[in-house]
K.L.:
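Pasting in a structure now, in structure tokens, and then I'll have a few things to ask.
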Amino acid sequence: MEKPRKGSKGGRLTIYDDSFKISVAREYLTGEYSMLQVAKKYGLNESTMHHFMRWYKKRSLEVKEEPQSSSLNDDSSKNPIELAKELAYAKLKITALELLISNAEREMGVDIVKKSGTKPSGK
């Protein structure tokens, strides 16, 4: 996987796409490689890897800390901890898919998501 960059002009810090940060952080968290090995694989330095991890953990904690619904409907057999994990995973997946769509829109130059205010043409 190549390092996608939003921008890097002389003297400025490089800004990485959120999708790249997520994939690098997840690769490290799988436990197959050390942080330094993952950093070396993508040509990052150690401080950038630490930044990615802090960013990823902060974002995943924000997802986990959202209030839970008081009614458990069909999933009443599952305990609240399992449900919270499933909800956090689902929200993280939604975020990843939204990033994928926005990247595709930017690369293709086409609006993929329908805008809520659009009206059909009157032919």
Side-chain angles (χ1 to χ4, degrees):
M1 172 185 253
E2 181 182 322
K3 293 190 295 188
R5 298 171 183 227
K6 286 186 181 173
S8 60
K9 293 190 179 180
R12 291 187 186 173
L13 294 175
T14 302
I15 301 172
Y16 297 96
D17 285 330
D18 292 346
S19 56
F20 178 68
K21 292 178 190 178
I22 291 170
S23 64
V24 170
R26 282 188 175 173
E27 185 168 342
Y28 167 68
L29 290 174
T30 61
E32 294 179 33
Y33 304 103
S34 71
M35 188 176 288
L36 290 176
Q37 289 172 323
V38 175
K40 188 175 184 179
K41 178 179 177 181
Y42 294 105
L44 304 170
N45 61 33
E46 191 174 356
S47 76
T48 303
M49 273 300 295
H50 284 290
H51 170 73
F52 282 10
M53 296 309 300
R54 281 191 307 272
W55 177 88
Y56 182 80
K57 287 179 182 178
K58 179 182 175 192
R59 178 164 265 196
S60 65
L61 285 177
E62 287 173 358
V63 170
K64 290 178 186 176
E65 290 177 357
E66 296 211 3
Q68 296 180 6
S69 171
S70 59
S71 63
L72 296 177
N73 298 344
D74 296 337
D75 293 329
S76 59
S77 62
K78 294 182 179 181
N79 71 31
I81 296 171
E82 289 177 17
L83 292 173
K85 285 181 181 178
E86 287 180 21
L87 178 62
Y89 178 77
K91 288 183 178 183
L92 197 56
K93 185 175 180 180
I94 289 168
T95 302
L97 291 172
E98 287 172 345
L99 288 169
L100 178 72
I101 290 170
S102 69
N103 287 343
E105 285 179 337
R106 186 178 61 243
E107 288 178 9
M108 290 187 222
V110 176
D111 289 335
I112 295 174
V113 179
K114 181 181 176 185
K115 307 295 185 244
S116 61
T118 58
K119 296 182 181 178
S121 61
K123 288 187 179 182

K.L.:
Report the residues that fulfil side-chain hydrogen bond (donor to acceptor under 3.5 Å, both in side chains) with E82, sequence neighbours left out, ordered by chain and then residue number.
P.N.:
none
K.L.:
In a table with atom names and distances, give each donor-acceptor pair under 3.5 Å that connects a side chain of residues 47-56 to protein atoms at least two apart or in another chain.
P.N.:
from, atom 1, to, atom 2, distance (Å)
S47, OG, N45, OD1, 3.1
T48, OG1, N45, OD1, 2.7
Y56, OH, R26, NE, 3.3

K.L.:
Using side-chain heavy atoms (C-beta onward) and a distance below 4.5 Å, is I22 in contact with L99?
P.N.:
yes
K.L.:
Roughly how far apart are D18 CG and N103 CG, rounded to 0.5 Å?
P.N.:
8.5 Å
K.L.:
Are Y89 and I94 in one and the same hydrophobic cluster, where Ile, Leu, Val, Met, Phe, Trp and Tyr link if side-chain heavy atoms are under 4.5 Å apart?
P.N.:
no
K.L.:
For the CG atom of N79 and the NZ atom of K85, what is their distance to the nearest 0.5 Å?
P.N.:
8.5 Å
K.L.:
According to a hydrophobic-cluster definition based on side-chain heavy atoms being under 4.5 Å apart (Ile, Leu, Val, Met, Phe, Trp, Tyr only), do F20 and L100 belong together?
P.N.:
no
K.L.:
Would you compute the distance between atom CD of E107 and atom OG of S102 and round it to the nearest 0.5 angstrom?
P.N.:
9.5 Å
K.L.:
As an exercise, state the distance from OG1 of T95 to CZ of R59, rounded to the nearest 0.5 Å.
P.N.:
6.0 Å
K.L.:
Could you tell me if the side chain of E32 sits less than 4.5 Å from the side chain of Q37, heavy atoms only?
P.N.:
no
K.L.:
Atom OH of Y28 and atom CG of L36: how far apart are they, to the nearest 0.5 Å?
P.N.:
9.0 Å
